[in-house]
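Hydrogens, waters and symmetry mates play no part in the numbers below; they use all other heavy atoms, side chains included. Order of appearance sets the numbers: ligands from 1, and atoms from 1 within every ligand.
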Amino acid sequence: MEHILCRAEDVSDDEPLRVTLADGHAVTVYRWEDNFYCTDDLCTHGDASLAEGYVEDGAIICPFHLGSFCIKSGAPRAAPCSEPIAVYEVNERDGNLLIQR
Ligand code: FES
């Protein structure tokens, strides 16, 4: 199912954006090096919103225990994160960002 996340201009380089989809699932959208990425918002290690974290070197740093995930692949980059996070390919159409889920 296709979901419209937001307008492309709503996502800034230094601030991940949390978006709640129509089905209630929350994702986080990132702009990094002129590309858009999207992951689940909930950290796989605990009850943290990744949108409250920050991006460094292509990884989202979780605000709770400073574990991290690659925003491209979802692979864990730093402990205590060990389970990958779901990632969604972001497409841009008419200035809107969309994912399939
Ligand atoms: Fe994210 Fe622990 S909740 S690193």
Side-chain angles (χ1 to χ4, degrees):
M1 181 180 174
E2 185 173 81
H3 296 271
I4 297 175
L5 299 176
C6 59
R7 300 287 296 170
E9 66 260 26
D10 293 341
V11 190
S12 65
D13 275 338
D14 46 7
E15 204 157 319
L17 179 68
R18 184 179 196 271
V19 176
T20 303
L21 306 180
D23 62 5
H25 189 82
V27 297
T28 296
V29 192
Y30 313 86
R31 182 196 289 261
W32 184 62
E33 293 187 340
D34 277 336
N35 288 304
F36 294 101
Y37 301 95
C38 181
T39 71
D40 275 348
D41 182 57
L42 184 66
C43 181
T44 59
H45 179 253
D47 195 22
S49 166
L50 293 178
E52 303 295 320
Y54 60 95
V55 175
E56 190 175 87
D57 193 24
I60 177 66
I61 315 296
C62 179
F64 273 19
H65 309 108
L66 305 182
S68 69
F69 304 91
C70 173
I71 61 172
K72 286 185 186 179
S73 70
R77 278 259 192 97
C81 300
S82 58
E83 292 292 317
I85 196 153
V87 295
Y88 307 94
E89 184 182 352
V90 178
N91 292 303
E92 191 172 350
R93 192 168 70 218
D94 300 329
N96 292 315
L97 302 183
L98 306 101
I99 60 167
Q100 300 283 339
R101 177 173 184 275

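The 12-atom threshold is exceeded at CG of Asp23, counting heavy atoms of other residues, nucleotides or ligands nearer than 6.0 Å.
For Cys62, the nearest N, O or S atom to atom 1 (Fe) of ligand 1 falls under 2.8 Å.
Across Asp41, Leu5, Ile99, a single residue satisfies side chain to side chain contact (heavy atoms under 4.5 Å, CB included) together with Val29, and that is Leu5. Just one residue in the list Val19, Leu17, Thr28, Val90 forms a side chain to side chain contact (heavy atoms under 4.5 Å, CB included) with Val11, and that residue is Leu17.
Nearest N, O or S atom of His45 to atom 2 (Fe) of ligand 1: atom ND1. Within His65, the N, O or S atom at minimum distance from atom 2 (Fe) of ligand 1 carries the name ND1.
Of all the atoms in ligand 1, the ones that sit under 4.0 Å from a non-hydrogen atom of Gly67 are 4 (S). Per-residue contacts place Cys43 under 4.0 angstrom from the following atoms of ligand 1 (heavy atoms of the residue considered): 1 (Fe), 3 (S), 4 (S). Listed by atom number, the atoms of ligand 1 under 4.0 Å from Cys81 heavy atoms are 4 (S). Atoms of ligand 1 found under 4.0 Å from any heavy atom of Gly46, numbered from 1 in the order shown, are 3 (S).
Between Tyr88 and Asp40, the side chains place a donor N or O and an acceptor N or O closer than 3.5 Å (distance only, hydrogens not considered).
The two atoms that bring Ala48 and Cys62 nearest to each other are CB-SG, 3.5 Å, heavy atoms only.
In summary, Glu2 and Arg93 engage in a salt bridge, as defined by a charged side-chain N under 4.0 Å from a carboxylate O.
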